[in-house]
Peer 1: 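Structure incoming, see below.
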Amino acid sequence: LPENIDQFSVRAVTVIEDTNAIYAVECFTSTRTILLRGSMAVAHSISEQELVEMRTTVQSKVVLDVVRQMQSLLDSLEKAELNIAVTGESGAGKSTFINALRGLGDEDKGAAPTGVTETTMVPTAYPHPKLPSVQLWDLPGTGTPSFQPDKYLEQVNFNQYDFFIIIASERFRENHARLATSIRAMSKKFYFVRSKVDLDVNACLRRRRAMFNEESILREIRTDCIRNLNEYGVESAQVFLLSCFDLSKYDFQDLQETLEQELEGHKRHVFLLSLPNTSSTAVQKKKASLRKHIWKKALSICLASVLPGCCMLNCIPLLTKTLISYQQHFGLDDQSISMIANQTKKSPDILKGAIASTLAKDLSQDIVMSLLKEAALSSQLVSELMDRWVPVVGVLVTGGISFAAAYILLHTSLEKFAKDSERVLKLAFEGEALSYPFLTYHEENLFFYD
């Protein structure tokens with residue numbers, strides 16, 4: 001960019017062919033700081049590993065081959081299946097746990113039915129409301145007359161599950177240990193969850209208020225669970241203490257991190273996206289996982305804009321669809337805001353007031369088009385980076401959507417959505433810091449389009 005850019009406007013004209021019509025899009029701006037800030041930040045954020053992966057994927061491929069390859073990569077990512085089995089004795093809170101992981105209350109539409117008696121008589125799948133490829137299976141309770149441990153795994157179609165969550169609301173008993181031993185013998189993963197811990201803590205508080213020590217009580221519960229499992233032959237058991245009504249408390253973050261570490265590839269990605277936004281940590285993990293795949297999305301969109309019969313305007317819906325998925329993952333859509341408002345007894349309008357980014361407020365195709373134009377003006381540094389590492393991209397997509405502009409728009413939107421999600425969480429649970437100990441907030445610079 002010329003040194004005297006502040007003294008005149010920059011004019012960017014993109015000509016788009018669309019059957020019989022030619023659209024001329026003119027974008028003007030006069031602020032040098034706005035032009036450069038977003039481009040420099042994004043250019044520095046693209047890792048060498050991403051650039052090497054892009055170059056390997058794109059070089060020596062014609063447009064159609066690259067489009068097919070990109071779509072295949074995205075399909076395998078977005079349609080990755082994850083099947084989580086939740087089992088335990090009847091009344092342990094399996095259904096409530098499933099609802100909590102899906103971000104639902106027990107009375108919400110689509111929630112797994114709950115009750116004081118066994119309500120699950122056959123293995124029942126409950127898809128995640130925003131990621132249908134992630135399914136949580138409510139399995140019949142172990143130890144009931146219809147489901148004895150020696151035949152249980154065969155009856156519930158053991159092989160279809162990626163891992164098992166074994167839940168108990170009091171002590172872990174022989175049935176739990178026998179089930180864990182059978183799962184281990186078949187080379188599957190299992191995790192023990194002690195539910196309803198909040199009830200035990202509250203009961204101790206009522207009985208011995210003067211001597212109450214929550215940390216000591218939790219340690220006592222954990223030690224008792226491990227001792228019982230050890231007596232039944234399950235050594236070195238790891239037990240996670242949870243309250244299904246407040247996943248931010250106790251060991252839910254430890255359970256989340258353990259599963260994240262032990263799942264691989266695409267399954268780890270969809271698992272992270274499926275988690276409810278209960279903390280800043282969860283929000284940041286989602287952002288990091290989504291960010292790894294921005295280049296695939298941007299490249300797929302810009303290549304689609306130069307396919308025969310396509311034009312730039314046809315690809316705006318693709319960008320919008322991707323941004324809508326980001327909005328939903330971070331709980332910024334109207335449905336998610338309403339659910340948080342209902343859970344916290346706050347007004348949805350008040351929670352929406354915490355949203356600062358342009359797109360999160362009005363995610364329409366017109367707004368996306370406008371912001372894409374602005375991104376094109378600040379894409380010089382990213383474009384130069386692409387020219388050095390993946391020069392064929394510029395040749396392939398001449399005349400279509402700029403890869404750099406699409407990448408900048410998706411990257412900055414992801415950052416802003418994550419920050420908005422943290423703002424909403426902070427406002428929703430304001431005054432409840434003890435219930436959300438993992439929430440930490442920090443200010444960042446605004447991005448170019450805000």
Side-chain angles (χ1 to χ4, degrees), residues 81-106 108 110-129 131-144 146-147 149 152-173 175-184 186 188-197 225 229 234 237-247 250-252 254-256 258-260 262-263 267 270-272 274-276 278:
E81 293 186 359
L82 181 63
N83 291 284
I84 303 171
V86 182
T87 185
E89 292 182 345
S90 59
K94 302 189 307 295
S95 299
T96 298
F97 176 76
I98 286 174
N99 292 335
L101 283 184
R102 297 165 68 222
L104 301 176
D106 288 346
D108 289 337
T114 58
V116 294
T117 59
E118 179 60 45
T119 59
T120 307
M121 303 310 296
V122 295
T124 305
Y126 293 95
H128 191 278
L131 290 166
S133 64
V134 177
Q135 296 195 99
L136 291 100
W137 290 79
D138 194 352
L139 303 188
T142 57
T144 59
S146 301
F147 294 91
Y152 182 82
L153 291 178
E154 179 182 347
Q155 289 175 306
V156 299
N157 196 10
F158 166 86
N159 288 324
Q160 69 178 317
Y161 311 116
D162 291 290
F163 60 86
F164 288 74
I165 301 288
I166 304 174
I167 294 186
S169 59
E170 297 176 357
R171 292 184 175 183
F172 285 99
R173 307 182 189 280
N175 283 341
H176 302 114
R178 291 173 63 184
L179 178 60
T181 301
S182 298
I183 294 173
R184 177 180 289 165
M186 297 183 181
K188 292 273 189 175
K189 295 280 189 179
F190 61 87
Y191 307 91
F192 290 109
V193 166
R194 169 62 158 80
S195 65
K196 304 183 181 181
V197 172
C225 290
L229 289 168
V234 180
Q238 187 174 10
V239 177
F240 299 94
L241 310 183
L242 299 184
S243 165
C244 294
F245 295 108
D246 191 347
L247 293 181
Y250 312 118
D251 293 341
F252 181 71
D254 292 338
L255 174 61
Q256 169 189 323
T258 300
L259 294 174
E260 178 190 349
E262 297 189 357
L263 287 170
K267 289 184 184 292
V270 296
F271 170 72
L272 287 173
S274 71
L275 292 173
T278 57

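Numbering of residues begins at 1 and proceeds along the displayed sequence.
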Peer 1: Under the side-chain contact (heavy atoms from CB on, under 4.5 Å) criterion, do His128 and Gln135 qualify, and how do the steps go?
Peer 2: CA-CA 6 Å; His128 191 278; Gln135 296 195 99; over 6 Å; no
Peer 1: Measuring from Trp137:CH2 to Thr124:OG1, what's the distance to the nearest 0.5 Å?
Peer 2: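 Here the interatomic distance stands at 8.0 Å.
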Peer 1: Check whether the ring centres of Phe252 and Tyr250 lie less than 6.0 Å apart, and answer yes or no.
Peer 2: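 No.
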Peer 1: Counting only heavy atoms not in Lys188, do more than 12 fall under 6.0 Å of its NZ?
Peer 2: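 Yes, the 6.0 Å shell around NZ holds more than 12 heavy atoms from other groups.
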Peer 1: Provide the closest heavy-atom pair for Ala100 versus Cys244 in the form atom of the first, atom of the second, distance.
Peer 2: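 In this case the closest contact between Ala100 and Cys244 is CB-O, 3.4 Å.
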Peer 1: To check you understand the geometry: which heavy-atom pair defines the closest contact between Lys94 and Val86, and what is its length?
Peer 2: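 Minimum heavy-atom contact is CD-O, 3.8 Å.
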Peer 1: Taking all atoms of both residues into account, what is the closest heavy-atom pair of Asp138 and Ser95, and its distance?
Peer 2: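 That would be OD2-OG, 2.6 Å.
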Peer 1: Rounded to the nearest 0.5 Å, what separation is found between the CD atom of Gln238 and the CG atom of Leu255?
Peer 2: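 Result: 8.5 Å between the selected atoms.
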Peer 1: Going through the checks in order, is the side-chain contact (heavy atoms from CB on, under 4.5 Å) test met by Asn99 and Leu136?
Peer 2: CA-CA 9 Å; Asn99 292 335; Leu136 291 100; over 6 Å; no
Peer 1: Which atom pair, heavy atoms only, marks the closest approach of Gly93 to Ile167?
Peer 2: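 For Gly93 and Ile167, the tightest heavy-atom pair comes out as O-CD1, 4.4 Å.
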Peer 1: Return the set of residues passing ring-ring contact (aromatic ring centres under 6.0 Å, His included) with Phe97 (not counting sequence neighbours), or none when no residue passes.
Peer 2: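 Result, ring-ring contact (aromatic ring centres under 6.0 Å, His included) vs Phe97: none returned.
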Peer 1: Taking all non-hydrogen atoms of both residues into account, name the closest pair between Gly103 and Pro276 and its distance.
Peer 2: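 Gly103 and Pro276 have their closest heavy atoms at CA-CB, 4.5 Å.
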Peer 1: Please find the pair of heavy atoms, one from Ile166 and one from Phe172, that lie closest to each other, and give the distance.
Peer 2: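 Looking at all heavy atoms of both residues, the closest pair is O-CE2, 3.8 Å.
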Peer 1: Within a strict 4.5 Å, meaning less than it, do heavy atoms of the Ser243 and Val197 side chains meet?
Peer 2: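 Of all side-chain heavy-atom pairs linking Val197 with Ser243, none is under 4.5 Å.
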Peer 1: Is there a donor-acceptor pair closer than 3.5 Å between any side-chain N or O of Arg102 and the backbone N or O of Pro129?
Peer 2: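 Looks like no, no N/O pair under 3.5 Å.
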Peer 1: For Phe164 and Tyr161, I'd like to know if the aromatic rings sit close, meaning centre-to-centre distance below 6.0 Å.
Peer 2: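 When the ring centroids of Phe164 and Tyr161 are compared, they turn out to be within the sub-6.0 Å range.
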Peer 1: Under the rule for side-chain contact (heavy atoms from CB on, under 4.5 Å), what residues qualify as partners of Glu170, not counting sequence neighbours?
Peer 2: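 Testing Glu170 for side-chain contact (heavy atoms from CB on, under 4.5 Å), a comparison that skips the adjacent residues, returns Arg173.
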Peer 1: Hey, are the side chains of Ile84 and Asp162 touching, using non-hydrogen atoms and a 4.5 Å cut-off?
Peer 2: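 Heavy-atom side-chain distance check fails, nothing below 4.5 Å.
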Peer 1: Any heavy-atom pair between the side chains of Phe240 and Arg194 that's under 4.5 Å?
Peer 2: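 SC-SC contact between Arg194 and Phe240 ruled out.
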Peer 1: For the CG atom of Leu82 and the CG atom of Leu131, what is their distance to the nearest 0.5 Å?
Peer 2: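 Answer for the CG-CG pair, Leu82 versus Leu131, is 10.0 Å.
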Peer 1: Just wondering, are more than 12 heavy atoms of other shown residues or ligands nearer than 6.0 Å to CD in Glu81?
Peer 2: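 12 or below, so no.
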Peer 1: What's the spacing between Leu101 CG and Leu242 CG if we round to 0.5 Å?
Peer 2: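 Going from CG on Leu101 over to CG on Leu242, the span is 8.5 Å.
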Peer 1: Measuring from Ser182:OG to Phe190:CZ, what's the distance to the nearest 0.5 Å?
Peer 2: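 CZ of Phe190 is found 10.0 Å from OG of Ser182.
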Peer 1: Look up atom SG in Cys225 and atom CG in Leu241, then write down how far apart they are to the nearest 0.5 Å.
Peer 2: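 Rounded to the nearest 0.5 Å, the SG-CG separation comes to 6.5 Å.
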Peer 1: Do the non-hydrogen side-chain atoms of Thr87 and Leu179 ever get within less than 4.5 Å of each other?
Peer 2: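 Yes, side chains in contact.
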Peer 1: Parallel, tilted or perpendicular for Phe271 and Phe163, by the 30°/60° rule?
Peer 2: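 Perpendicular.
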